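Read the structure below first, then the notes.
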Amino acid sequence: MPDKPATTDLLTQYSSQLAKDLERNMQEQDQVRSEIEALQARLLTLQHDHTVLMTMQQALESGIPLQQAPVSAPSQGYDLPTVSRPGATRRRQQTPTLVSLIRAYLAEQSEPCSAAEIAAALSEAHPDRVIKTTVVRTTLEGLVARSSAQRLKQGHSVFYRTLEKDQESKEGTDAEDDGSRAGRS
């Protein structure tokens, strides 16, 4: 009978070790599951961001409007550059780019405008197109980066105005004239 307590102790020891191993295994599984869930959520966010960025890049670089205008759309009186719509095989349709619309609108304004004001005006002038404020703001920032527009901050608000070559050279000439007049005095 002396064998029975040793066997019981050995079984208890193995049972205890197995319980610890099972517990550690379950904890590790839970940890890996939560890491996988976090990585999946991050992947979905990155995929969404990639889609948004690709759309913005295409809108800025290729000049393709976000929505195709109907063939019978009346001209808005702008003499603007146009792009061919991909997939328009039967009729070659030409529509002004969003960049062209924004440039033309800014050129007509005597005061700086906000992205929301520009989006609202262009949406009203082009009801056949979906023009979102966020896309207009991104396009405006692209124009600022290319020195085609100027960003003006007033408090927490941001306004934009066109930078035309005539305006830049005139401002440069005025500054030179002022400097030369000051030197003559």
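As the structure is a prediction and not an experimental result, all values here were calculated from the model.
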### Query
In Å and rounded to the nearest 0.5 Å, what is the OH to NE2 distance from Tyr105 to His126?
11.0 Å
### Task
Would you give the length of the straight line joining atom OG1 of Thr162 to atom CD1 of Ile102, rounded to the nearest 0.5 angstrom?
11.5 Å
### Query
What are the two closest non-hydrogen atoms of Lys132 and Ala119, and how far apart are they?
C-CB, 4.3 Å
#### Entry: Glu35 CD: over 12 foreign heavy atoms closer than 6.0 Å
yes
### Summary
d(Leu46 CG, His50 NE2) to nearest 0.5 Å is 10.0 Å
### Summary
Value for CG (Leu43) from CD (Gln40), rounded to nearest 0.5 Å, stands at 8.0 Å
### Query
Any sub-3.5 Å donor-acceptor pair from Glu124's side-chain atoms to Ala121's backbone N or O?
no
### Query
Is it true that a side-chain atom of Thr12 and a backbone atom of Thr8 form a donor plus acceptor pair closer than 3.5 Å?
yes
### Summary
Closest non-hydrogen atoms of Leu152 and Pro112, given as atom of the first, atom of the second and distance, are CD1-CG, 3.4 Å
#### Entry: side chain to side chain contact (heavy atoms under 4.5 Å, CB included) assessment of Val158 paired with Arg137
CA-CA 10 Å; Val158 178; Arg137 184 176 298 111; over 6 Å; no
### Query
Any side-chain heavy atom of Asp30 sitting closer than 4.5 Å to one from Arg33?
yes
#### Entry: Validation row: Gln154, Ser114 side chains within 4.5 angstrom (heavy atoms)
no
### Message
Side-chain heavy atoms nearer than 4.5 Å, only ILVMFWY residues, links allowed to pass through others: does that put Phe159 and Val144 together?
### Response
no
### Task
List the steps and the verdict of side chain to side chain contact (heavy atoms under 4.5 Å, CB included) for Val99 and Arg146.
CA-CA 12 Å; Val99 172; Arg146 291 190 299 264; 4.2 Å; yes
### Message
Which heavy atom of Arg103 sits nearest to which heavy atom of Ser148, and what is that distance?
### Response
NH2-OG, 3.4 Å
### Query
Distance from Leu101 atom CG to Ser123 atom OG, nearest 0.5 Å?
10.5 Å
### Query
Got more than 12 heavy atoms from elsewhere within 6.0 Å of CD, Gln29?
yes
#### Entry: side-chain hydrogen bond (donor to acceptor under 3.5 Å, both in side chains) assessment of Asp21 paired with Gln17
CA-CA 6 Å; Asp21 289 346; Gln17 184 62 41; 3.0 Å; yes
### Pairwise distance CG(Leu53) to OG1(Thr138) - rounded to 0.5 angstrom
9.5 Å
### Query
If you take all heavy atoms of Tyr160 and Leu140, which pair is closest and at what distance?
CD1-CD1, 3.5 Å
### Message
Gln31 vs Gln27, test: side-chain hydrogen bond (donor to acceptor under 3.5 Å, both in side chains). Steps then yes/no.
### Response
CA-CA 6 Å; Gln31 180 183 356; Gln27 288 174 350; over 6 Å; no
### Query
Do the charged groups of Glu141 and Arg151 touch, with an N to O distance under 4.0 Å?
yes
